[in-house]
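The next block holds one structure in the form of structure tokens; read it before the comments.
The chains referred to below are lettered A, B, ... by the order of the sequence lines, with proteins before strands, and numbering in each begins at 1.
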2 protein chains.
Amino acid sequence: MQKEITIYDLAERLGVSATTVSRALNDNPRINKKTREKVHQLAKELGYRHNTIAANLRKQQTKTIGVILHEVNSYFATSVLAGIEKVTTPENFDILITHSAETAEREKANVKNLINKRVDGIIVSLAMHSHDTAHFTPLFEREMPLVFFDRVLQSADCTKVVIDNFQGGYDATNHLISQGCKRIAHITGDMDLNVYMDRFKGYQKALKDHKIKFNKDLVKVCGLNKAETTQAVTEMLEQKPDAFFIPSDFAAAVCMEILRNKDINIPQDIAVFGFNNDMLSDLITPKLSTIDYPGFLMGEMAAKTLIEQIKLRRKNKNVKDHTIVIPTEIILRESSVRKKAKTTRPHK
Amino acid sequence: MQKEITIYDLAERLGVSATTVSRALNDNPRINKKTREKVHQLAKELGYRHNTIAANLRKQQTKTIGVILHEVNSYFATSVLAGIEKVTTPENFDILITHSAETAEREKANVKNLINKRVDGIIVSLAMHSHDTAHFTPLFEREMPLVFFDRVLQSADCTKVVIDNFQGGYDATNHLISQGCKRIAHITGDMDLNVYMDRFKGYQKALKDHKIKFNKDLVKVCGLNKAETTQAVTEMLEQKPDAFFIPSDFAAAVCMEILRNKDINIPQDIAVFGFNNDMLSDLITPKLSTIDYPGFLMGEMAAKTLIEQIKLRRKNKNVKDHTIVIPTEIILRESSVRKKAKTTRPHK
DNA sequence: TTGAAAGCGCTAACAC
DNA sequence: GTGTTAGCGCTTTCAA
């Protein structure tokens, strides 16, 4: 390609200095209105494009927020992203999305990449398999503005945005019990992650509150993908459960398919309860009861807090860490409601 | 934060020049092995991080590919992304994902942003509403390596990766006819887009080949989101169709829900046919017949071609534009198969 | 209101 | 095998 036009090219043609051009382009108020217009005019004519790279290098800031997601392929992920965008766009921050495909290795590479790219701050949800979290220490050392959301680092001293997973697990289980379920199977994800651990605790608490003895044979941990869920559900059926509480709508849908193939009636024979209120929970038959997961709101809160941090940091002020807990909401649909009138609610 | 370590800091401490440090860090072969090791060692100790921005400015290349998607929230989109990543990762290209949320305005802003960020090339699928495509001309002027995929600019002289939408539309319609359907409703998206136009042409051709007269009352264009699809389907029912060919799995699923609510039997009363082979097509009941859309392969091809272009361009060689057509595959499931044994296939 | 000069951190041409 | 020097394109003092 022909070389890109620079501010020097503009300056030369207009007989002014590059400084003036730069100021004019940035609408600096102390530039003469006429000069400014001339500059803008010529810039447009010649197809000048601001070189973000050069500006970033000079300004030592990128106005970019790195986002590390564990996966991108879900309604939840896109909701979070939308929530983040809602607050970054008006603030003129760009976002750089990376995903770790649930592996610690990729997560590590992403952290490194984002540091090298000198993002101004990072929003992260942990990968399923990232037990060794040493790769985050460079961020702490740099005092990089950092917000964990959803799947958070329990130990770390940093800002977190989470939903009340305990309450969600409790509500789901409590509801299943109210429908007469007594052998509630719980197929869930890695308990090292706060989200699954807390939901599990909620499950246990609800059982306890209803004097149902906890039975560890009814609990199974797996990757919650199609293959592993299929296996877990199939094995679990030997325990003769009368309900499945699977805190992932996708995995719950997989479970429902298996039950259907075996001509098991949902919810009469076995009730099913998911988690997330994903798009598909409202499209499958019977519709899936679930816990609404306000991804948009989480993204919004995370971005808002992060930008605050970034601004404080620029002023060299101290950031105080805190945890934001977002309430959940139970969504009752056909897959779990045995009694009374159906209480169906549309997907938001 | 404390300032980041630079190659000058390393150079000073080691009593060598910055050049040497730079070379050592980049594993330049003409650097002494011992020197290289010392540099790497100290870099690690001090937590040195390569400054991508500075390097990019200097090298006049970013090793980054911009991707403009019309939306991110689909199995197709993530498949494409995965396909792109498969080829960019080994080539050490980063990808910068933007989405236009189906609006021309956002698309325009994204193009501008990617130019300002000086990406080395761009892969784009058009937004539904981007009729005015003037915002792409800066890319052509710059001879920016550019590949359109899926939703392409019909007019433009550039490389395109598409699937055989005509064949897909033909196969779907042909199949429905073979199942005895005669009044096949077609609810589809903006016909200015090649994808919908070509599927529509395939639909027409199949009708013609079976001597079924084309009836324009059975065709409706809408946004294919939940609200618009609901309205379109509801209105269409007045035409008493015996099949719906809706070239979007999501919209087809919405349609099926409406039919279910009206106690219309699928496929006996009305058959339904989608497009894309999305995740959900295999999870809903009855399972949705559809056309497999090889997103992963498309992403792969697009990225491969783009990187070729980028490399040619660096050598100042000419790029010749071409169109790559990827074949589709019909997936027959319960929603459309009335006769014979069920031919169900799992989602890939 | 404008300009000169310096520098962000890196790489590469050229010299030795 | 290593160093000197210049420069990528921009912003920002400081001075006028």
Side-chain angles (χ1 to χ4, degrees), chain A residues 1-40 42-43 46-64 92 115-120 142 314, chain B residues 1-40 42-43 46-64 92 115-120 142 314:
Chain A
M1 55 182 160
Q2 75 282 29
K3 265 183 79 301
E4 291 278 348
I5 306 287
T6 71
I7 52 172
Y8 289 100
D9 299 326
L10 299 180
E12 198 177 344
R13 295 233 194 181
L14 291 169
V16 297
S17 75
T19 312
T20 302
V21 173
S22 172
R23 290 200 182 111
L25 255 15
N26 289 308
D27 290 327
N28 185 315
R30 66 185 198 188
I31 235 72
N32 184 304
K33 201 180 162 194
K34 285 228 173 109
T35 319
R36 189 185 344 151
E37 277 166 9
K38 269 196 308 193
V39 171
H40 273 116
L42 185 67
L46 300 187
Y48 166 81
R49 296 298 167 137
H50 180 250
N51 187 323
T52 312
I53 302 173
N56 285 348
L57 177 61
R58 173 63 232 240
K59 290 196 291 190
Q60 295 288 81
Q61 56 154 39
T62 52
K63 274 278 198 176
T64 301
N92 277 315
I115 297 182
N116 288 357
K117 291 244 172 85
R118 300 296 193 266
V119 295
D120 294 338
R142 281 172 176 71
R314 283 196 195 136
Chain B
M1 54 182 160
Q2 74 284 28
K3 263 181 77 307
E4 290 278 348
I5 306 288
T6 72
I7 52 172
Y8 289 100
D9 299 326
L10 300 180
E12 198 178 344
R13 295 232 193 182
L14 291 168
V16 297
S17 76
T19 311
T20 301
V21 174
S22 171
R23 289 198 183 114
L25 255 14
N26 289 307
D27 291 327
N28 185 313
R30 68 185 198 189
I31 235 73
N32 184 303
K33 202 180 160 194
K34 284 228 173 105
T35 319
R36 189 184 344 150
E37 276 165 10
K38 268 196 308 194
V39 172
H40 273 115
L42 186 65
L46 301 186
Y48 166 82
R49 296 298 166 138
H50 181 250
N51 187 322
T52 311
I53 302 172
N56 285 348
L57 177 60
R58 173 64 231 238
K59 291 196 291 191
Q60 295 289 79
Q61 58 156 33
T62 52
K63 275 275 196 178
T64 300
N92 277 315
I115 298 183
N116 288 356
K117 291 245 172 86
R118 300 295 192 268
V119 295
D120 294 337
R142 279 173 177 71
R314 281 193 196 139

To the nearest Å, give me how far apart CD (B:Q60) and P (C:dA12) are.
11 Å

Just to be sure I understand the rule, does A:T6 reach a base, reach only the sugar-phosphate, or reach nothing, if contact means heavy atoms closer than 4.0 Å?
sugar-phosphate

Quickly work out the B:R23 CZ to C:dA15 P distance and round it to whole Å.
14 Å

Walking DNA chain D from its 5' end, the first of B:T20 and A:A54 to be reached, judged by nearest nucleotide, is B:T20

If you count heavy atoms of other groups shown closer than 6.0 angstrom to CD of A:E12, is the number above 12?
no

Comparing A:R30 with A:K59, nearest DNA chain D nucleotide closer to 5' gives the residue A:K59

Would you say CZ of B:R13 has more than 12 non-hydrogen atoms from neighbouring residues, nucleotides or ligands within 6.0 angstrom?
no

Want to settle it: does A:V16 or B:Y8 sit nearer the 5' end of DNA chain C, counting the closest nucleotide to each?
A:V16

How many Å lie between CG on B:N51 and P on D:dC8, as a whole number?
18 Å

Whole-Å distance, A:I5 CD1 to D:dC8 P, equals 14 Å

Nearest-angstrom distance from the residue atom NZ of B:K34 to C1' of D:dT2:
17 Å

Would you kindly give the NE2-to-P distance between B:H50 and C:dG9, to the nearest whole Å?
13 Å

Please report the distance, rounded to the nearest Å, between NZ in B:K3 and C1' in C:dC10.
13 Å

Base, sugar-phosphate, or nothing for B:N26, non-hydrogen atoms under 4.0 angstrom?
sugar-phosphate

Within the 4.0 Å heavy-atom criterion, would you say A:T35 contacts the bases, only the backbone, or no part of the nucleic acid?
sugar-phosphate

Rounded to whole Å, the CG-P distance (A:L57 to D:dT12) equals 12 Å

The side chain of A:R58 is closest to which nucleotide in this list: C:dC10, C:dA6, C:dG3?
C:dA6

